[in-house]
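Report on the structure given below.
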Amino acid sequence: MELSALLVFAAALGLAAATPGPGMTAIVARALGAGFLGTLPMVLGFVLGDLLYLSAAAFGLAALANSFGTLFLVVRWLGAAYLVYLAVKMWHAPLPMGLSTDAPPARGGGAGRTFLAGLFITLGNPKTMVFYLALLPTLIDLGAMTLLGFAEIAALVVAILLVVGSAYALAADRARTLLRSRRAIQTLNRSAGALMAGAAAAIITR
């Protein structure tokens, strides 16, 4: 698979994963209560959920690309439009209230239940599926995608989500006041929104 396509996909996924949302909010909440190690199973659950959605999008769209050229083009434009929508949502995202760190750490929950919580949060979020539907057709020839190519994408997904999720968990565990800065979150949201809009423009012009 072309290195440029992998780099663009990695950048877009990294931005989407790093932007505060339901998943990262859950990771932060868990880390505030159970610490970094207690949050790792949840991060792994998020990773598995994304891999399941990635597989569904890749193999489902591969069959679609082989049969309906026009519909494939429509999916591409709809994907770009969705990225623009995400950019607007990021730019105007409401700022969360400050997180309280006064409560003592809660160590309960168990690794298995924490893992399933991360998995179900991802599977219950349709935006994750739509994100892959938006990007894969514009970067990859799905009709000619090999198992090696899919493995490369899957490896990127695992690496990026582990790094981003672990970074949020570690920050919440060791520097809790960092994620209480409303100005920092607003800057992150707007920067990510601008970059996501740029990704949409790049998709349209490919």
Result block: side-chain N/O donor-acceptor pairs under 3.5 angstrom for residues 39-48, not counting sequence neighbours:
unit_1	atom_1	unit_2	atom_2	d
Thr39	OG1	Ala31	N	3.2
Thr39	OG1	Gly35	O	2.7

Interatomic spacing from CD in Glu152 to CG in Leu147 - rounded to 0.5 Å: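 Here the rounded value is 11.5 Å.
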Distance, nearest 0.5 Å, that separates CG of Leu51 from OG1 of Thr122: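 Those atoms lie 10.0 Å apart.
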For residues 7-17, dump all side-chain donor-acceptor pairs below 3.5 Å to protein atoms at least two apart in sequence or in another chain.
none

Minimum-distance pair of heavy atoms, taken over all atoms of Ser55 and Phe150: OG-CZ, 3.3 Å
Under 3.5 Å donor-acceptor pairs involving side-chain atoms of residues 156-164, not counting sequence neighbours:
none

